[in-house]
Amino acid sequence: MSAAAEPRVTGLETRSIDYVPLDERHGKLWHLGPLWFMSNAQIATLTVGLISITGGGNLIWSLLAIVAGTVVGTFFMAFHSAQGPQLGLPQMIQSRPQFGYVGALLVWLFAYVQYAGFNVFNTILAGQALHATLHGGVKLWVLVVTVIGLVVALVGYDVIHKAERVLTYTFLVVFGIFTVGVLVDLHYPAGSFDLGGFRWTPFLAQFGVVAGYQISWAIYVSDYSRYLPPDVTVRKTFYWTYFGSALGGIWLMVLGTLLAAWAGRGFDTIRSIDAAGDTVFTGFGTVVLLFAALGLVSVTALNMYGGSLTLISAIDSFRKVRPTLAVRLVTLGLTAALSLVGALAATSHFLRNFNDFLLLVLYLFIPWTAVNLMDYYIVRRGHYAIAEIFNPHGIYGRWGWQGILSYLAGFAAMVPFFSVGALFVGPAAGALGGADISLFVGLPVSALLYWWLTRSLDVAAEQRLAEAEAAELDRAAHEHREP
C-alpha cells in the first residue's frame, strides 16, 4: 500500500498492542508533522519554559537553553518514531526484546505514571482556562475535558491524527497573532538580552527540563506511526516527527519564557495569557484561552490512548490478552478515571512542582531510551521476530537481564548528578553549584553497557525466525489473536 493512500476512518479502532497487518497500513507520512507539532503546541508546554526565569536566569540565556534542550531531546524521540512503520507495533510493547516479557513491566509502570501525571496537569490547566472564560467551576470543566478526551481516544488513531491537523491550522492563526502581540506589545526588564548575564545553574536546569519534556514523548511516538506502510523511510519519518515536535515545543516554551519575564513575580499561566492577549485587542485573551483548552483536550486524548496501550501491555505480561474493542474500552475507562481522580484531588503544590515531575520523567526514561535505541539501530538493526514479542516462552525470554542491568547501571550513574529543586541534589550536582548534567551521564552508560552485553546475540537467527513466522503473523492479526 502506498504511503500516499488516504487515511480510512472506519469507526472505533479495535487494534491495541497487536501487530498492524500490511493491508491495514495507511496514511500520509507528512501527517506526523502536524500531529507532533500540535501535541507540543499547547499551554502545558508553555509552562516548561519557566524554570530558568523563575530560577534567576536572564531572558536571552533562557531562550538559548530552550532551543538547545529541544534540539537534543527531540533527537531521541524522533528516532523512536521511525520504529513504528517498520514494526507495526505501539511503542512500549517494543521494550520486550530488551527487557523481557515480564521485565518490561519496569518501564511500563514508569510510563503509566507519566501518562497519569501529565493528564492531571493538562486537565487542571484546561479546567482553569475554561473557568476563566466560560465560568462554571474548574472541577466541572476538568470532568468535561476528561470525557471528551476519552471519546476521542476511544475512536482512536485516525481521528486523533485528523483532529491534530485541524488544530494545527487554527493554532497558526490564533497563536500567530498572539505571538506577534507578545513580541511587539510587551516590555521586558533591563538586562533581559545581556549575554553577560549567563549563570550555569538556571541554564542547565532549563536545558534539562526541556530535554526531559521532549524525551518524555518517546514513549508515545510509534503509537502514531505504526499504521504507516513499512516502505516509508526511517529518515523521512524522523524528519517529520523531529521538526513538527521541535517547532511546536520551541514556540510554546519561548512564549512561556517571554510571558514570565514580562509578568515577573506576578506570573500566572492563565491570567498572564489572558492579559497578554488583551494587549492585542480587548477580548483576544479569551479567544487564546478557549483555543488553548482545545489543545489540552487533544493532548489529554493522546495520554489516555497511550496509557491504555501501556496498561494492556502490562496485563498481557500476566495473562494473555486478546486485543479487542472491549479491552480498549475498559483500559481507556480505567485510565480516564485515574486521571480524573488525580486531577480532582490535586493541590496547588502538585502544580507548582510540575517542573520537578518533568525532571523525574527525564531520569526514568533516559536509560530506557538509550537501551531501546541502541538495540533497534545498532544491535538488532531493526530486525525483530514480532510474533516472539507476544510469546511468554519465546526467544526474548521473560527477563532481559542485559536491558535491565544496563537500565539500572545508567540510572545509578545519574543519581549523583540529580538536581531536583528542594527534593534532592546529588553530590556531583552540588559540586557543580546545582547544575544538572545527568542526561550526559546516563545516556552513554546505558547505551554502551547494553551494546557490550549483547555482543553475542545471534541476530541472524532471529531474522530467520521472523521470516518463517511472517505469514502466521498476518493471519493472527486479521483474526485479532495475538500478536
Side-chain angles (χ1 to χ4, degrees), residues 40-77 118 121 179 182 188-189 191-218 245-265 267-269 272-273 351-366 414 417-426 428-430 432-443:
N40 247 351
Q42 34 83 19
I43 61 174
T45 305
L46 182 148
T47 65
V48 180
L50 308 179
I51 191 169
S52 178
I53 287 291
T54 57
N58 76 345
L59 181 56
I60 185 63
W61 284 109
S62 300
L63 298 175
L64 292 173
I66 286 170
V67 173
T70 303
V71 167
V72 173
T74 313
F75 180 84
F76 298 97
M77 68 85 73
F118 275 119
F121 184 75
T179 302
V182 168
Y188 305 102
S192 291
F193 297 96
D194 179 11
L195 288 172
F198 178 77
R199 293 175 57 197
W200 266 113
T201 301
F203 180 87
L204 286 177
Q206 184 68 77
F207 176 92
V209 167
V210 171
Y213 188 73
Q214 291 301 101
I215 289 173
S216 73
W217 288 110
S245 181
L247 290 173
I250 288 174
W251 188 336
L252 267 293
M253 293 178 208
V254 164
L255 273 179
T257 299
L258 293 172
L259 288 173
W262 164 67
R265 294 183 180 275
F267 177 81
D268 173 85
T269 302
S272 296
I273 290 173
L351 299 179
R352 287 197 304 269
N353 290 286
F354 183 62
N355 283 329
D356 290 342
F357 174 77
L358 290 177
L359 282 173
L360 292 174
V361 166
L362 170 68
Y363 299 151
L364 291 172
F365 282 102
I366 281 296
M414 293 167 64
F417 297 89
F418 287 173
S419 182
V420 195
L423 294 178
F424 176 78
V425 177
L432 294 170
D436 189 329
I437 61 169
S438 58
L439 168 70
F440 304 105
V441 176
L443 274 170

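These numbers come from a predicted model, not from an experiment. Both backbone and side-chain heavy atoms feed into the values below; hydrogens, waters and symmetry mates do not. We number each residue from 1, following the sequence as shown.
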*asked:* Contact between Leu258 and Tyr188 at the side-chain level, heavy atoms closer than 4.5 Å - yes or no?
replied: yes
Output for pair (Leu63 CG, Gln206 CD), nearest 0.5 Å, gives 9.0 Å
On a heavy-atom basis, the closest approach of Ile366 and Leu443 is CG2-N, 3.6 Å
Heavy-atom nearest pair, Asn58 first then Ser62, reads O-OG, 2.7 Å
Nearest heavy-atom contact between Ser272 and Ala263 is OG-CB, 3.9 Å
Interatomic distance, CD1@Ile215 vs CZ@Phe365, rounded to 0.5 Å, equals 11.0 Å
Aromatic plane relationship, Phe203 with Phe207 - under 30° parallel, 30 to 60° tilted, over 60° perpendicular:
parallel
The reported gap from CE in Met253 to OG1 in Thr70 (rounded to nearest 0.5 angstrom) is 4.5 Å
dist Ile43:CD1 -> Thr47:OG1 (nearest 0.5 Å) comes out at 8.5 Å
Residue pair Ile437 / Leu204, side-chain heavy-atom distance below 4.5 Å: yes
For Gln214 and Ser245 the tightest heavy-atom approach is NE2-OG, 3.0 Å
Margin query: I'd like to check Ser216 versus Phe118 (side-chain heavy atoms, cut-off strictly below 4.5 Å). Are they in contact?
Written below: yes
Of all heavy-atom pairs linking Leu439 and Ala211, the shortest is CD2-CB, 4.1 Å
Paired with Thr257, the side-chain contact (heavy atoms from CB on, under 4.5 Å) test is passed by just one of Val48, Leu46, Leu59, Leu50, namely Leu59
Discussion item. I want to check something: taking the side chain as every heavy atom from C-beta on, are Asn40 and Tyr213 in contact at a cut-off of under 4.5 Å?
Written reply: yes
### Query
Is it true that Phe417 and Tyr363 have ring centroids separated by less than 6.0 Å?
no
Next item on the list: Taking the side chain as every heavy atom from C-beta outward, state whether Leu252 and Gln42 have any atom pair closer than 4.5 Å.
Entry: no
Exercise for review: Take Asp194 and Ile60 through the test side-chain contact (heavy atoms from CB on, under 4.5 Å) and record every step on the way to the result.
Suggested key: CA-CA 7 Å; Asp194 179 11; Ile60 185 63; 5.8 Å; no
Would Trp61 and Phe198 count as a close aromatic pair, with their ring centres under 6.0 Å?
yes
Scanning both residues in full, the closest heavy-atom pair of Gly57 with Arg199 reads N-NH1, 4.4 Å
